[in-house]
Each structure stands twice: as structure tokens, then as C-alpha cells.
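Right, one structure below, let's go through it.
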Amino acid sequence: MREVILKAVANPPKILWGPFLPVLVNLGIQFPLMFMFMGVFGVNPLWFMVSLLVGHVAAVISGGKEPHISSMIQAYGPTSQKTNNLYPVKGNKFAP
């Protein structure tokens with residue numbers, strides 16, 4: 001049981017060698033743009049494979065430098081909120 005937990009922490013999920021969340025964001029942006037350009041301008045969808053590949057390579061490189069970037073992006077949401085500090089200080093304080 002302990003090995004499974006350690007393996008999940010040490011090896012975050014990946015899609016084609018890229019971190020999970022940045023790759024999904026890349027796909028989530030590229031495919032709607034591709035379909036909009038196909039419908040409005042009649043652009044060949046193969047041109048979007050180049051931009052999709054460039055975005056994926058960027059995600060793989062960022063995942064190579066920081067393998068837990070998906071967890072960092074997920075953790076940013078709750079910590080990005082401004083807090084009401086009792087005393088004026090720099091930064092956010094999460095405890096009174």
C-alpha cells in the first residue's frame with residue numbers, strides 16, 4: 001500500500017510525456033479555435049496540428065523542469081484570493 005502512494009506522488013499523471021493539466025488546457029484551447037477557423041474561414045485543420053504540437057512540446061518542456069506543475073496550478077486557485085489581514089503586512093496571511 002505504501003509503495004502505491006509513493007509512486008503516485010513521485011510520478012504525477014502524464015499524457016504523451018506532458019503534465020496532465022497543461023496538456024488538457026492546450027487541447028481545450030486549440031480544438032475550439034480549430035473548429036471556429038474551419039467554420040468561419042475554411043482553414044485546413046492540418047495547419048492547427050503545428051500549433052498543437054508546439055503547445056504540447058512547450059508543456060513537455062515545462063513538465064520536465066517542474067513535474068508537479070499540474071498540482072501547482074490546482075493549488076493556485078485557493079491561494080490566489082486576497083485575505084483580510086488584521087494588521088497591514090506584505091503578502092497574504094492565512095491565519096489571524
Side-chain angles (χ1 to χ4, degrees):
M1 179 77 171
R2 184 176 291 244
E3 293 175 8
V4 173
I5 294 172
L6 292 176
K7 184 177 180 183
V9 171
N11 297 325
K14 296 184 182 261
I15 299 175
L16 295 174
W17 306 284
F20 191 72
L21 195 57
V23 169
L24 287 182
V25 168
N26 182 31
L27 290 174
I29 292 172
Q30 293 285 338
F31 278 125
L33 282 175
M34 178 180 69
F35 289 124
M36 284 189 287
F37 272 77
M38 282 172 47
V40 175
F41 302 113
V43 176
N44 188 350
L46 291 177
W47 291 109
F48 279 92
M49 293 302 123
V50 174
S51 64
L52 186 68
L53 186 63
V54 168
H56 187 74
V57 167
V60 169
I61 290 171
S62 68
K65 291 181 180 179
E66 181 57 58
H68 296 283
I69 194 163
S70 295
S71 301
M72 292 170 56
I73 292 171
Q74 289 173 346
Y76 178 74
T79 60
S80 66
Q81 300 171 356
K82 293 290 183 186
T83 60
N84 294 328
N85 297 335
L86 295 175
Y87 304 104
V89 295
K90 287 185 177 180
N92 292 337
K93 288 182 76 176
F94 296 104

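All figures in this text were calculated on a predicted structure; none of them were measured in a lab. One-based numbering along the sequence shown.
With rounding to the nearest 0.5 angstrom, the CG atom of Asn11 is 8.0 Å from the NE2 atom of His68.
No continuous path of ILVMFWY side-chain contacts below 4.5 Å connects Val57 to Val50, so the two sit in separate hydrophobic clusters.
Of all heavy-atom pairs between Ile15 and His56, the closest is O-CE1, 3.4 Å.
At distances below 3.5 Å, not a single donor-acceptor pair connects side-chain atoms of Ser70 with backbone N or O atoms of Pro19.
Sorted by first then second residue, the side-chain hydrogen bond (donor to acceptor under 3.5 Å, both in side chains) pairs that include residues 57-66, not counting sequence neighbours, number zero.
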Side-chain donor-acceptor pairs under 3.5 Å in residues 22-49, sequence neighbours left out?
from  : atom 1 : to    : atom 2 : distance (Å)
Asn26 : ND2    : Leu52 : O      : 3.4
Gln30 : OE1    : Ser51 : OG     : 2.8
Asn44 : OD1    : Leu46 : N      : 3.2

